[in-house]
Amino acid sequence: MSSSQATLEPQGPKGSWLGGNLMDYRKDPLGFLTELQTRYGGVAKIRFGPQKMYVIYDPMLLKELLITKQEQFVKLKAFEEARLFVGDGVATSTGEKHKRVRRLIQPHFTRAHVHKYAVQMADIVDSELSGWKVGEHRLLTDDISNMTFAIIAKTLFSLEGNAYASAIREPYELINRMCAERMRSLFSMPLFVATAKNKAYKSALQALDRGVYDIIKYRRKNPEAGEGDLLSVLLAAKDDQGNGMTDQELRDELMIMFIAGHETSANALAWAFSYILQMPEVERKLYEEWDRVLQGDRPTDADYMQLTYTQNVLWEAMRLRSPSFFTGRSAICDVELGSLKVKKGQSVLFSPYAIHHNPAYFPNPESFIPERFENDYLKRIPQFSYIPFGGGPRGCIGNHFAMLEMVIALCMIGQRYRLQLKAGHPPIEMEPLMTLRPKNGIEVLVGRR
Ligand code: HEM
């Protein structure tokens, strides 16, 4: 699909009089977003209730949206609902505020800096695995989330183990579900109306707040507890007037790191396992690579570059099951993307999930083929035709971090145990909430390697 398909008057499905295309989206978001690309090509016009929007698939238009004209957009207005709990941190803030915080934290996410976390990451995986026993059944998805949460907590905020996991992960589960539901509704009951659902939502939001404020309180009292970590940088930051961040500002930045930083990586890893567990040939090649490169040792940052098949398995899992399955921007002024005229206030969505299913760039798109990424394949297809981490100044800051932790966790689990899907496991379905996760998780039988 080429830019020539981004016509002057984009077309789209008609939808119903009142809701437009919202019902079709709600029924099957992934099918809806993928079908639009098949039917309309580089850009489609849709309507959610009174709101007309565009969904873009053309890599050239994406480049304009995310790089050349990104200053004329802010994060999707529909994400306002998510601001209720993530607040105004680096993933949601705009303009100067966003630039300032992004500049401040960027040095902690360079490839070189992130690779210094390799030992801590491996220690955490090691300690999570120490409780596993051959012959038992485990909810792998839960174990993986524990690992990625503990990794963020330790590397960025110097918090031990899973001390804060229940304070943050548990309320987040309910919030995630309700937030996705509210974002997909034409009308959500305002939170001040005391319905049972609203009460549960509000009390989860309060619990989440408590968890994060406790961490801030502790570190303000014990600044020596995490010298040089990301939280110490945030605590020491001053604006032009010499003012430090307020507790609320710190809370927003921590919250986004916990949420953006643990769930997406956990989902990507879980999806990788969903394929490995069902494809003996992929498993065999991974074993071959781990035995050859690691020879029984723990993976280090130096091994990372040699673990190419492992990386390709993860790239392919994120192609087929992109954790961030849709996102978008809203225009702050009238702006043109190619020949597409976007009006001030109008939203432009894009779906990494659907874009990754384009057969023009990924032949046989439904098949899991890690080898397709060999020989720098991504350099041979247009930029922005593969975007699991988005792109441009608002692309994922944690991409190197995520790849390293996923490679380490995947190797270490697979070096130690041979996992099998639990007998009679139902098909692993997709559940698109705020991110794309395996519905009801993945249960495995732990076997000897
Ligand atoms: C496999 C794992 C991950 C995936 C697939 C992923 C995906 C994404 C995507 C697609 C975006 C851009 C969204 C947009 O353009 O609207 C994003 C932004 C972001 N991600 Fe990630 N992410 C992952 C891991 C992480 C990790 C480990 C961290 C932190 C440690 C992180 C922190 C962030 C932040 C802070 C932003 C907002 C950046 C900004 O607006 O300046 N992510 N992520």
Side-chain angles (χ1 to χ4, degrees), residues 56 62-63 65-67 70 73-79 82-83 86-95 97-106 108-110 113-114 117 120-121 144-145 147-157 229-231 234 252-272 311 313-330 347-353 355-356 384 386-410 434-437:
I56 60 173
L62 276 157
K63 189 171 178 177
L65 179 75
L66 298 178
I67 297 194
Q70 60 90 20
F73 291 92
V74 290
K75 278 285 177 88
L76 193 62
K77 271 193 291 184
F79 286 155
R83 269 176 198 261
V86 290
D88 199 26
V90 67
T92 41
S93 57
T94 53
K97 179 173 183 193
H98 171 260
K99 276 195 198 137
R100 186 158 46 85
V101 178
R102 177 118 188 177
R103 225 179 287 129
L104 184 70
I105 64 177
Q106 187 78 49
H108 277 253
F109 292 98
T110 59
H113 189 90
V114 154
Y117 297 141
Q120 286 178 328
M121 288 172 172
I144 290 175
S145 294
M147 284 177 200
T148 58
F149 187 91
I151 287 175
I152 290 287
K154 178 72 187 171
T155 54
L156 304 185
F157 307 129
D229 69 3
L230 186 70
L231 181 49
L234 294 169
D252 292 354
E253 300 303 344
L254 259 71
M255 190 73 87
I256 196 63
M257 284 300 156
F258 273 125
I259 303 303
H262 98 275
E263 219 219 339
T264 38
S265 310
N267 289 343
L269 254 179
W271 287 119
Q311 289 183 41
V313 165
L314 289 161
W315 291 124
E316 181 66 339
M318 289 193 287
R319 183 186 70 77
L320 273 164
R321 299 286 183 262
S322 197
S324 180
F325 68 97
F326 94 102
T327 177
R329 302 287 185 268
S330 299
S347 294
V348 181
L349 312 185
F350 62 97
S351 164
Y353 174 92
I355 288 166
H356 298 169
F384 291 99
Y386 180 70
I387 47 167
F389 293 112
R394 303 229 47 165
C396 183
I397 202 167
N399 56 347
H400 301 307
F401 186 105
M403 279 307 289
L404 181 66
E405 69 173 330
M406 292 192 297
V407 164
I408 288 177
L410 188 51
M434 297 297 286
T435 58
L436 182 60
R437 53 159 74 175

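Since we're looking at a predicted model, the values are computed, not measured. Counting convention: from 1, in listed order, for ligands and their atoms alike.
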Legend entry - Heavy-atom closest contact (D252 atom, G89 atom, distance): CB-N, 3.7 Å
Legend entry - Exercise: identify the closest heavy-atom pair between L66 and G391: CB-O, 3.8 Å
Legend entry - Interfacing atoms of ligand 1 (cut-off 4.0 Å, heavy-atom, M257): 35 (C)
Legend entry - Numbered atoms of ligand 1 (with element) below 4.0 Å of H98, judged on heavy atoms: 39 (C), 40 (O), 41 (O)
Legend entry - Test item, K75 contacting ligand 1 (heavy atom, 4.0 angstrom): yes
Legend entry - Closest contact, heavy atoms only, P323 versus T264: CG-O, 3.6 Å
Inset, instruction - Measure the acute angle between the ring planes of H108 and H113, then classify it against the limits of 30° and 60° as parallel, tilted or perpendicular. - result: tilted
Inset, instruction - Take every heavy atom of M403, measure it against each atom of ligand 1, and state whether any distance is under 4.0 Å. - result: no
Inset, instruction - Count the heavy atoms belonging to other residues, nucleotides or ligands that lie under 6.0 Å from NZ of K75, then report whether that count exceeds 12. - result: yes
Inset, instruction - Considering the heavy atoms of G395, write down every atom of ligand 1 situated less than 4.0 Å from one of them. - result: 38 (C)
Legend entry - Proximity of V90 to ligand 1 by residue part, where a heavy atom lies under 4.0 Å: both
Legend entry - side chain to side chain contact (heavy atoms under 4.5 Å, CB included) assessment of F401 paired with I151: CA-CA 10 Å; F401 186 105; I151 287 175; 3.8 Å; yes
Inset, instruction - Determine the minimum heavy-atom distance between W271 and A317, stating which atoms define it. - result: C-CB, 4.2 Å
Inset, instruction - Considering the heavy atoms of F401, write down every atom of ligand 1 situated less than 4.0 Å from one of them. - result: 27 (C)
Legend entry - Where ligand 1 meets I152 - atom numbers and elements under 4.0 angstrom, heavy-atom basis: 30 (C)
Inset, instruction - Write out the residue and atom name of the closest protein heavy atom to atom 15 (O) of ligand 1, then the distance separating them to 0.1 Å. - result: R329 NH2, 2.8 Å
Legend entry - Neighbouring protein N, O or S atoms of atom 21 (Fe) of ligand 1, below 2.8 Å: 1
Inset, instruction - Would you check if L320 and M318 make a side-chain contact, meaning some heavy-atom pair closer than 4.5 Å? - result: no
Inset, instruction - Using the test salt bridge (charged side-chain N to carboxylate O under 4.0 Å, His left out), find all partners of E253 that sit at least two apart in sequence or belong to another chain. - result: none
Inset, instruction - Test T435 against E263 for side chain to side chain donor-acceptor pair (under 3.5 Å), laying out the working first. - result: CA-CA 8 Å; T435 58; E263 219 219 339; 3.0 Å; yes
Inset, instruction - Identify, with sequence neighbours excluded, every residue that meets ring pair (Phe, Tyr, Trp, His ring centres under 6.0 Å) alongside Y353. - result: H357
Inset, instruction - Just need the protein heavy atom nearest to atom 12 (C) of ligand 1, so name the residue and atom and give the distance. - result: R394 O, 3.7 Å
Inset, instruction - If the plane angle is over 60° it's perpendicular, under 30° parallel, otherwise tilted; pick one for W315 and Y386. - result: perpendicular
Inset, instruction - Could you tell me whether H262 approaches ligand 1 through its side chain, its backbone, both or neither, with non-hydrogen atoms closer than 4.0 Å? - result: neither
Inset, instruction - Write out the residue and atom name of the closest protein heavy atom to atom 38 (C) of ligand 1, then the distance separating them to 0.1 Å. - result: R102 NH1, 3.3 Å
Legend entry - Pairs touching residues 390-406 that satisfy side chain to side chain donor-acceptor pair (under 3.5 Å), sequence neighbours left out: H98-R394, S265-E405
Inset, instruction - May I ask you to identify the nearest protein heavy atom to atom 16 (O) of ligand 1, giving residue, atom name and distance to one decimal place in Å? - result: T327 OG1, 2.5 Å
Inset, instruction - Return the minimal non-hydrogen interatomic distance between I105 and L234, and the atom names on each side. - result: CG2-CD2, 3.9 Å
Legend entry - ligand 1 versus N267: contacting region, heavy-atom distance under 4.0 Å: neither
Inset, instruction - Could you tell me the residue and atom name of the protein heavy atom closest to atom 7 (C) of ligand 1, and the distance to it rounded to 0.1 Å? - result: P388 O, 3.4 Å
Legend entry - M318: numbered ligand 1 atoms lying under 4.0 Å from its heavy atoms: 1 (C)
